[in-house]
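Residue numbering restarts at 1 for every chain, and letters A, B, ... go by the order of the sequence lines.
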Amino acid sequence: MSDLTRTPQLIRGVRMREDPARGGWVLLAPERVFKLDEIGREILSRVDGERSLETIVASLAAAFEAEPERIAADVVAFLDGLAERQVLAFR
Amino acid sequence: MGIQTDPRLAFAEAGSPVPMGMLCELTHRCPLQCPYCSNPLELERKSAELDVEAWCRVFREAAALGVLQVHLSGGEPAARRDLEQIVEGCRDAGLYANLITAGVNIDRARLERLEAAGLDHVQLSFQGADAETTALVSHMKDAHSRKRAFAREVVDLGLPLTINAVIHRANIEQIDDFIALALEFGARRIEIAHAQYYGWALANRAALMPTRAQTERAIARVEAARARLKGRLTIDSVIPDYHARYPKACMNGWGRQSINVTPAGKVLPCHAAETIPGLEFWNVAEHSLGDIWRDSPAFAAYRGTSWMNERCRSCDRREIDWGGCRCQALALTGDASETDPVCQLSPYHQRVHQLAQEESVRIVEGFRYRRPS
Ligand code: SF4
Ligand code: SF4
C-alpha cells in the first residue's frame, strides 16, 4: 500500500488546530481528539488535498535534510493509520 | 472521607485538569419521549433557558479554559429557533461544533443554514433499526421515516454523520441492523451505547434491562462487525456496566475532562450529577466558567482521590477508573461516595449482578415515557 502517487486529504469534519491550553497541536474529529507530535504536525501541515505522498515526502526531506527513502515509510504509516481511523482519505 | 470540600486541594490532586469537551443541554424540550433519556426527571422549562448571548459568552470562556469540542444537545437542540446563532457563536469561539439530534424536526433548509453557520458534525439517534421499534421507543409514530430522510440530507450536504443507538431489551437483537443502517446512509461512525441506568432509565430499568445472554451476544456482534468493517465504519461501543468486573472511568474521572451545562446554565461535572443530593452547583449567570471549573463545590466534591473510601484510595486502579461512577454508586448503594458497585471488590457487587438477572427476567408492562410532569 505504499503507493506514493496517492493524495491524502483530511475528511470533512476533521480540523487541525493549536491547543494553547495543553500545548502543542491537535486534530479534532467527530467525538475524538488526536494529539499531534511535532512530526505529525509537520506532515499534516503539508496535507492539503493537492499534494501527493511523493510531494509531501520530498518537501519533508528537504526541510529536515533527510533522505526521502528513509522517511517515506514513516510518513506513509502515519497517514495510513489516520486513514484507518477515518480522519483522512486518499484519492 | 465522603466528599472533598477543599477545591484548591482537589484541583491540585487531580493534576490541575484542563477540560476537553463541553456538553450543552440547550433545552429540555423534545418531540420524542425515550424512556432512557438522560435528562433529569424534573425537566427544565423553556422560560428558564439561557439566551444566545449567554451561550456565546460561555463558549468564549470555555475556549479560553481549553475546551476543544462542544456537543450541542438537549432535549432536542433544534427545538430552539436560535440554534443557528448558537452554532455560529460556538464556531466563532474556535470550538468544534457537534450537533446531537433526534433528527425529526430539521428540514433541508434549516440544515443548510446550520451548515452555513459552521456546524462540524451531526450525531443522529435511532431508537430502533426499524419503523416499528423506533415508534415504540420514541413514542412518535413516524419518527423512523423522518430520521431516515434527515440522515440522507446530512450525507447529501457532505456533513460527517454518526449514528447513535442506545441499546436495551427492546432493540438489543438489532445490533447488526443498526450497523447496516449506518452503512446504508454512508455514516462514518456508529455508537452502540448500552443504556446506563440513572434518571429516566433508572425509572424504567426493569423494562429496559437485557438478559446477560443477550448482552454477551450483542458484544460479540459488535466485535465481529468491527473486524469486518475496519477502515469503513468506526464502531464505538459503551459496554453495559452491570455485567462487568471493574467500573468505567466515568467521565474519565470527575472534573477532569468534561463540563455539562444545563438549559438554565447550571454547570455539572456530568449530566446525571444532579441526582446526587447535597451537591452545590454554580450557574454561569453568577460565575465565570473558569471559576466554576476550578472552585465550585460540585466539581471539587469527587475530584482527585482523597474523597475516596479506603477500598478505592488504597487500590492501584484508583487513577485508572477513579472509583467508577458516582451516580451509579448512589443509585445502587444509597451513597454517592461508595465504590461503584460494578467493581468486583465492592461489597454490593453480588447484589448488582443479582439485580441484573432478576430485572431482566421480570415481565413489565411498558415504559414510563419521558415527558414533562
Ligand atoms: S433521549 Fe430521546 S427523549 Fe431524550 S432528548 Fe434524546 S431524543 Fe429526546
Ligand atoms: S476498588 Fe475502587 S479504584 Fe479499585 S477497581 Fe474498584 S472502583 Fe476502581
Assess the residue pair A/Arg22 and B/Met20 against the criterion (side-chain contact (heavy atoms from CB on, under 4.5 Å)); give the C-alpha distance rounded to whole Å, side-chain angles, the decisive distance to 0.1 Å, and a yes or no. CA-CA 10 Å; A/Arg22 273 156 291 252; B/Met20 283 274 239; 3.6 Å; yes
Side chains of [X] and [Y]: does their closest heavy-atom pair fall under 4.5 Å?
{"X": "B/Asp120", "Y": "A/Arg12", "answer": "no"}
{"X": "B/His121", "Y": "A/Val14", "answer": "no"}
{"X": "B/Arg189", "Y": "A/Glu31", "answer": "yes"}

Nearest heavy-atom pair of [X] and [Y]: which atoms, and what distance?
{"X": "A/Ala21", "Y": "B/Leu65", "result": "CB-O, 4.0 Å"}
{"X": "A/Gly13", "Y": "B/Pro160", "result": "CA-CG, 3.6 Å"}
{"X": "A/Arg15", "Y": "B/Leu95", "result": "NH2-O, 3.3 Å"}
{"X": "B/Arg232", "Y": "A/Gln86", "result": "O-NE2, 2.7 Å"}

Region of A/Arg85 in contact with chain B, defined by heavy-atom distances below 4.5 Å: backbone
With a 3.5 Å distance limit and no angle check, can you tell me whether B/Gln69 reaches the backbone of A/Ala29 through a side-chain donor-acceptor pair? yes
Is the backbone N or O of B/Gly94 less than 3.5 Å from a side-chain atom of A/Arg17, with the two atoms forming a donor-acceptor pair by type? yes
Is chain A contacted by the side chain of B/Pro19, its backbone, both, or neither, given a heavy-atom distance below 4.5 Å? backbone
B/Leu159 versus chain A, heavy atoms under 4.5 Å apart: side chain, backbone, both or neither? both
Any chance CD1 of A/Ile39 has more than 12 other-residue heavy atoms, nucleotides or ligands included, within less than 6.0 Å? no
Assess whether atom NZ of B/Lys230 is packed by more than 12 heavy atoms of other residues, nucleotides or ligands within 6.0 Å. no
Using a cut-off of under 4.5 Å on heavy-atom pairs, state which of B/Ala97, B/Gly21, B/Gly66 scores highest against chain A. B/Gly66
CD/A/Glu84 to OG1/B/Thr234 distance, rounded to the nearest 0.5 angstrom? 9.5 Å
